[in-house]
Amino acid sequence: MTLQELSAHVAAEFKKTYGRPPRWIVAAPGRVNVIGEHTDYNDGFVLPMAIEYYAVMAADAGATPGTVAIYDTQFKETATIDVSAAVTKGQPKWSNYIRGAIAGFQNRGVKIPALDVAFMSTVPLGGGLSSSAALEVCTATLIEAATGKTIDPIEKALLAQKAEHDFAGVPCGIMDQFISALGREGHLLLLDCRTRKTELVPMSDPAVALLIINTNVKHELGSGEYAKRRAECEEAARILGVASLRDATPDQLERAKSKMTDVVFRRARHVIGEIERTVHAAEGIRQSNWPTVGQFMYASHAALRDDYEVSCKELDVVVDIAEDIGFKGGVYGCRMTGGGFGGCCVALVKAEAIEAITKKIATDYKAKTGIDAVIFSSRPAAGATIIKG
Ligand code: GLA
C-alpha cells in the first residue's frame with residue numbers, strides 16, 4: 001500500500017467509525033538500519049533510512065471532553081486515554097506509546113484537546129523495523145497538527161524516545177525516533193548520536209536496492225538483554241576511563257583486555273569496530289562503492305553474532321544464504337538490523353536480481369527453518385508528515 005492509499009484507507013475507516021470525515025491525517029515511517037547497530041547509546045554513528053511502511057492516524061476534535069479515543073482499525077480495538085490530567089501508563093499495552101508521546105506534550109505545557117482518532121500501521125510489529133517509534137512519532141505529529149504547536153523535529157524525536165523509556169520501559173537510543181522524524185526521501189541519515197548532527201547521504205542509484213528479510217521470529221527488547229548490553233558497554237567505558245565507547249580506540253581496548261571480563265571486552269570490540277564501519281560504509285555509499293559497503297555489512301553481522309551476541313539462528317541462516325548467493329548472484333552484503341534476537345535482515349543487492357534473490361532466500365530459509373520469511377524492498381522514504389490539516 002502506498003502512503004496515499006494507506007491514508008485514504010484510514011480516512012475511510014475514520015468516517016465509518018465516527019460518522020464524519022477526519023480533519024487531520026498524519027503519518028510517520030518505520031525504519032531499517034543499514035549499518036551502525038548498538039552504537040547509538042554509545043555516542044556513535046548510525047546510518048538508518050525511513051521505509052515506505054507507516055503508522056497513520058486520521059483524527060478530528062473528539063466527542064468526549066477530556067478524552068483521546070484511538071481506534072486501531074487493524075486489531076479492531078479502541079484505546080481511551082484521559083487527557084484531563086497528567087497521562088499515565090495504562091491499557092491496552094500498545095496505547096502506552098501513544099500515552100508517552102501525549103505526556104511529552106503535557107510536560108511542555110501543551111493542553112491536549114479531546115480527539116477521536118482512527119489508526120493503522122503497516123510497519124511489521126516486533127520485526128525490528130521500529131513500529132513503536134513510528135507510533136510515537138505519529139502521535140507527536142498528530143498533537144502538533146491538532147494544537148498548532150509544532151516542535152523542532154529533533155525535539156520531537158527526543159520526546160518520542162522518552163515515551164519509549166518511560167511508558168514502554170525500553171532504554172533505547174535515539175536512532176529510531178530520529179529517523180522516523182527526520183527521514184528524507186531518497187536519502188539515508190548519517191546521525192552522530194553524540195552531537196546529534198545529521199547528514200543526508202543520497203541513495204538513489206537505480207542499480208542497487210535494499211531488501212528487507214523478515215525472519216518472522218519475534219524479539220522482545222523488553223526482555224532485559226538490551227539493558228544488559230547497555231550496562232556492559234558502560235562498564236567497558238568505565239574501565240577504559242572514557243566517557244563513552246565513542247572515545248575508545250581498538251588499541252586502547254586491546255591494552256585494557258586483562259582488566260575486563262571476556263564478555264565486556266567483546267561487547268566493546270563490537271561497538272568500537274561498528275562505529276568505524278559505519279563511517280566507512282557511509283563513505284562507500286557516497287561513492288557508490290557497493291562491494292565495499294557490502295563487506296562492512298557482513299563484518300557488522302559477524303560482530304553482532306559473535307561479539308555482541310544479539311543475533312539468533314534464523315538471522316544467521318538468512319545471512320548465510322545471502323553469502324552463498326554472493327556477489328555473482330547479485331548480493332553485495334547482508335546483516336541483521338535493529339536490536340536483534342529475531343526480526344529482520346537487510347541486504348544490499350543488485351536491483352536487476354531482486355526477484356531471483358527473493359525467491360532463493362525464501363526457499364532456502366523455509367527449507368532450513370520451516371518458517372516463511374516475508375521479503376520486501378523499500379526505497380528511502382520521507383520522515384513524519386502532516387498529510388491533511
Ligand atoms: C533498538 C533501539 C535503538 C538501537 C537499536 C540497536 O532498535 O531502539 O535505539 O539501539 O536497537 O542498534
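Note that the structure is a prediction, hence the values are computed from the model and not measured. For ligands, and for the atoms within them, numbers begin at 1 and follow the listed sequence.
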J.: Taking N or O atoms only and a 3.5 Å limit, does Asp176 qualify as a polar contact for ligand 1?
T.: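 There is such a contact, yes.
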J.: So, Thr39 and Asn42: side-chain donor and acceptor under 3.5 Å apart, yes or no?
T.: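 No, Asn42 and Thr39 have no side-chain donor paired with an acceptor closer than 3.5 Å.
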J.: Does any N or O of ligand 1 fall below 3.5 Å from an N or O anywhere on Asn33, backbone included?
T.: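 N/O-N/O distance below 3.5 Å does not exist for this pair.
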J.: Would you mind checking if Glu185 and Arg379 are paired as a salt bridge, meaning a charged N to carboxylate O distance below 4.0 Å?
T.: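 A salt bridge is absent here (no side-chain N lies under 4.0 Å from a carboxylate O).
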J.: Under 3.5 Å between some N or O of ligand 1 and some N or O of Ser130?
T.: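 Looking only at distances, the answer is no, because the N/O contact criterion of under 3.5 Å is not met.
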J.: Under 4.0 Å from any heavy atom of Met175, which atoms of ligand 1 are there?
T.: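 Answer for ligand 1: 4 (C), 5 (C), 12 (O).
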J.: Donor-acceptor pair, distance only, cut-off 3.5 Å: does the side chain of His165 make one with the backbone of Cys172?
T.: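 Checking the backbone N and O of Cys172 against the side chain of His165, a donor-acceptor pair under 3.5 Å is found.
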J.: Using heavy atoms and a threshold below 4.0 Å, how should the contact between Arg229 and ligand 1 be classified: side chain, backbone, both, or neither?
T.: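 The answer is neither.
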J.: So which atom in Cys345 and which in Cys334 form the shortest heavy-atom distance, rounded to 0.1 Å?
T.: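 For Cys345 and Cys334, the tightest heavy-atom pair comes out as CB-SG, 4.1 Å.
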J.: List every atom of ligand 1 that sits less than 4.0 Å from any heavy atom of Asp40, numbering the atoms from 1 in the order shown and giving each element.
T.: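 Reading through ligand 1 atom by atom, the close ones are 3 (C), 4 (C), 9 (O), 10 (O).
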J.: Quick check on contacts: which atoms of ligand 1 are under 4.0 angstrom from a heavy atom of Gly339?
T.: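 Answer for ligand 1: 7 (O), 11 (O).
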J.: Could you tell me whether Phe119 and Tyr71 have their ring centroids closer than 6.0 angstrom?
T.: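 Phe119 vs Tyr71: aromatic centres not under 6.0 Å.
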J.: Does Arg246 CZ have over 12 foreign heavy atoms under 6.0 Å away?
T.: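 For Arg246, atom CZ is crowded (more than 12 foreign heavy atoms under 6.0 Å).
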J.: By number and element, which atoms of ligand 1 are closer than 4.0 Å to a non-hydrogen atom of Tyr41?
T.: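 Checking each atom against Tyr41, I get 10 (O).
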J.: Can you confirm if the aromatic rings of Tyr226 and Phe341 lie within a centre distance of less than 6.0 Å?
T.: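 Aromatic pair excluded; centres sit 6.0 Å or further apart.
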J.: Going by the order shown, which atoms of ligand 1 are within less than 4.0 Å of some heavy atom of Arg31?
T.: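 Within the 4.0 Å cut-off of Arg31, ligand 1 contributes 7 (O).
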J.: In ligand 1, which numbered atoms sit nearer than 4.0 Å to a non-hydrogen atom of Cys172?
T.: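 Result: 2 (C), 8 (O), 9 (O).
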